[in-house]
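The structure appears below as structure tokens.
Values in this document were obtained by computation on a predicted structure and should not be read as measured data. Residue numbering restarts at 1 for every chain, and letters A, B, ... go by the order of the sequence lines.
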Number of protein chains: 2
Amino acid sequence: MKTLQSTRRLADEDAPPAQEGRVLRLSAGRRTRSAAGADAEAIYRRILGAIIEHRLAPGRKLVEERLASVFGASRAMIRQVLTRLSHEMVVTLVPNRGAFVAEPTVDEAREVFEARRLIEPALARKLAQTVAPAQLSRLRQLVAAEERARAARDRQTVIKLSGEFHLEIAEMAGNAILARQMRELTLLTCLIIFLYDSPGGRACPDDEHHQLLDAFTCRDGERAAGLMLHHLDHVEQSLDISLTAQDDDDLERIFS
Amino acid sequence: MKTLQSTRRLADEDAPPAQEGRVLRLSAGRRTRSAAGADAEAIYRRILGAIIEHRLAPGRKLVEERLASVFGASRAMIRQVLTRLSHEMVVTLVPNRGAFVAEPTVDEAREVFEARRLIEPALARKLAQTVAPAQLSRLRQLVAAEERARAARDRQTVIKLSGEFHLEIAEMAGNAILARQMRELTLLTCLIIFLYDSPGGRACPDDEHHQLLDAFTCRDGERAAGLMLHHLDHVEQSLDISLTAQDDDDLERIFS
DNA sequence: ATAAACTTTATTGTCGACAATTTGTTGACT
DNA sequence: AGTCAACAAATTGTCGACAATAAAGTTTAT
């Protein structure tokens with residue numbers, strides 16, 4: 001029963017390869033060995049995409065053999081992808097137990113936001129000083145798409161696009177290493193929002209991205225930095241990271 | 001001929017397992033699958049140690065089979081370790097060509113320092129406000145060891161210990177995610193120093209670590225942050241990142 | 001003598017099979 | 001009935017063998 005359902009869900013997630021709009025892409029830095037297998041990269045993107053879009057929920061077990069048959073790949077290749085995802089902290093690998101979609105703890109969530117508050121305002125400031133017209137239009141495009149998704153009440157797409165907006169800023173700022181780190185933080189943030197978003201407060205406040213865009217357009221670095229900081233605080237406060245009793249999983253933590 | 005020599009060097013690097021003083025350790029975060037193999041972790045540390053201590057120079061090719069025989073492990077296990085190292089950007093994996101000790105470019109070097117200037121002063125400030133006596137003595141210990149190495153003109157150990165000092169600060173600051181990112185940056189910095197250190201200026205100016213330690217002892221967060229920023233600038237300026245024509249490898253870059 | 005095409009060698013990439021581990025289940029014993 | 005132990009199923013971990021690729025060396029033709 002449960003097994004069957006699980007199988008179907010993975011299969012379903014296999015189904016829609018139509019919307020192939022790169023998955024919170026990042027040129028994958030210097031492409032790792034994974035890229036060699038020609039389609040390891042594709043599998044990576046599919047799985048990551050499913051996680052980002054919340055079709056694979058945090059905590060979900062990822063069984064190697066089943067993934068292998070879904071993607072028509074060998075287990076070894078799935079393994080490559082899973083280890084890569086685990087290095088990016090999107091998947092947790094438990095020895096002899098398997099791979100699971102990561103479930104950031106409240107502490108980790110706080111740390112992620114602390115890191116972002118440190119890095120992103122500086123990136124925003126930097127970008128504002130050097131931004132080119134083409135970059136501005138790209139950002140506008142993302143914000144517009146996000147707004148459409150918001151209008152359509154497609155929360156998952158909103159979260160994904162919001163992440164892409166932040167990541168795009170990081171990449172445009174011209175520091176590949178910081179961009180790479182921001183990618184990790186952004187991916188984690190997607191998981192965190194799904195885990196801790198309170199029903200009441202919506203994730204990324206409506207127009208703060210618009211304001212950021214304005215600041216970029218005016219090339220006002222200080223304002224961009226300030227807005228970014230405020231924005232991050234705002235997002236974090238909209239989450240239930242206060243002291244919420246967490247998932248059942250955290251029994252170990254509770255009795256310690 | 002060349003083959004033989006290469007073999008010997010790797011063998012030699014195998015030789016001294018005596019000084020087993022953990023290699024710029026970081027509790028490896030949540031231990032990845034690598035840890036399962038019981039000794040994959042050990043192999044990882046040995047190779048990373050050799051790179052950090054410059055016994056494996058940047059650009060050096062790492063042949064899987066040879067490593068496997070050196071460590072008495074299977075090629076698959078070596079492969080795990082190499083992919084992990086590549087995710088940490090210490091090793092570059094070229095499809096169908098193999099693994100090489102990373103050679104950060106001047107641009108990457110600048111980016112690394114930019115990132116560190118962003119993150120480390122904040123971590124220093126934070127640590128100064130919360131530092132415990134035990135932590136202070138640990139830091140003192142590291143600085144003392146570094147000074148001993150400097151007195152012994154053991155430049156490689158100086159660089160390694162200096163990296164450990166910075167990493168320890170990051171870990172003590174109480175943000176595991178930032179600590180993880182700092183670990184990457186610190187490892188890269190080790191490679192960068194070996195690549196671009198000018199013969200004249202020595203790497204980590206003598207007493208700046210001492211001054212930092214003072215600031216921590218006084219719990220003076222602002223001073224610690226300021227010193228850290230200054231220190232990083234100082235280290236970067238002591239390098240030949242000006243416009244030095246790089247290695248012969250970078251012919252592609254020169255004609256572009 | 002040089003350059004192109006071919007052969008050889010060394011190394012990486014991929015896969016399937018087997019061993020080890022964990023998890024769930026059955027059955028015997030108190 | 002309940003508890004524990006042995007057993008069975010499912011899943012992960014490891015390895016060796018083979019295929020694919022790139023580099024080096026050799027031959028051949030101009």
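- Taking atom CG of B:Leu82 as the reference point, atom P of C:dT12 lies 9 Å away to the nearest angstrom.
- Here B:Arg110 does not pair with B:Glu114 in a salt bridge; the nearest charged N to carboxylate O distance is not below 4.0 Å.
- Taking atom CD of residue B:Glu64 and atom C1' of nucleotide D:dC15, one finds them 14 Å apart after rounding to whole Å.
- In this pair, B:His87 and A:His87 present their aromatic rings tilted. The plane angle is within the 30 to 60° band.
- Whole-Å rounding puts the A:Met77 CE to D:dA20 C1' distance at 13 Å.
- Residues passing the salt bridge (Lys or Arg N to Asp or Glu O under 4.0 Å) test with A:Glu88, sequence neighbours excluded: A:Arg84, A:Arg183.
- A search for salt bridge (Lys or Arg N to Asp or Glu O under 4.0 Å) contacts involving A:Arg117 returns A:Asp233, A:Glu236, not counting sequence neighbours.
- The ring-ring contact (aromatic ring centres under 6.0 Å, His included) check on A:Phe100 picks up nothing, with sequence neighbours excluded.
- Minimum heavy-atom separation, B:Val112 to A:Ile177: CG2-CD1, 3.2 Å.
- When the local axes at the two ends of the helix from C:dA1-D:dT30 to C:dT30-D:dA1 are compared, using 5 base pairs at each end, they differ in direction by 0° after rounding to 10°.
- One can place CD of B:Gln80 at 15 Å from C1' of C:dG13, the figure rounded to the nearest angstrom.
- Taking every heavy atom of both residues into account, A:Leu142 and A:Leu161 meet most closely at CD2-CD2, 4.2 Å.
- The interatomic distance linking B:Leu67 (CG) with C:dT11 (C1') rounds to 12 Å, in whole Å.
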Nucleotide by nucleotide, nucleotides 16-23 of chain C touches protein heavy atoms under 4.0 Å in the pattern (B base, S sugar-phosphate only, - none) -----SSS
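- Nearest approach of B:Met182 to B:Leu167, heavy atoms of both residues: C-CD1, 4.4 Å.
- Spacing between atom NZ of B:Lys61 and atom P of D:dA23 amounts to 8 Å, rounded to whole angstrom units.
- B:Leu93 places its CG atom 7 Å from the P atom of C:dG13, with the value rounded to the nearest Å.
- Annotation for A:Leu195 and A:Pro104: closest pair CD1-CD, 3.5 Å, computed over non-hydrogen atoms.
- Minimum heavy-atom separation, A:Val101 to A:Pro58: CG1-CA, 3.6 Å.
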With the criterion being N/O to N/O and under 3.5 Å, what pairs connect the protein with nucleotides 7-10 of chain D, and how long is each?
none

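- Rounded to an integer number of Å, the gap from B:Glu65 CD to D:dA22 P is 19 Å.
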Under the side chain to side chain contact (heavy atoms under 4.5 Å, CB included) criterion, do B:Leu85 and B:Val81 qualify, and how do the steps go? CA-CA 6 Å; B:Leu85 287 167; B:Val81 172; 3.9 Å; yes
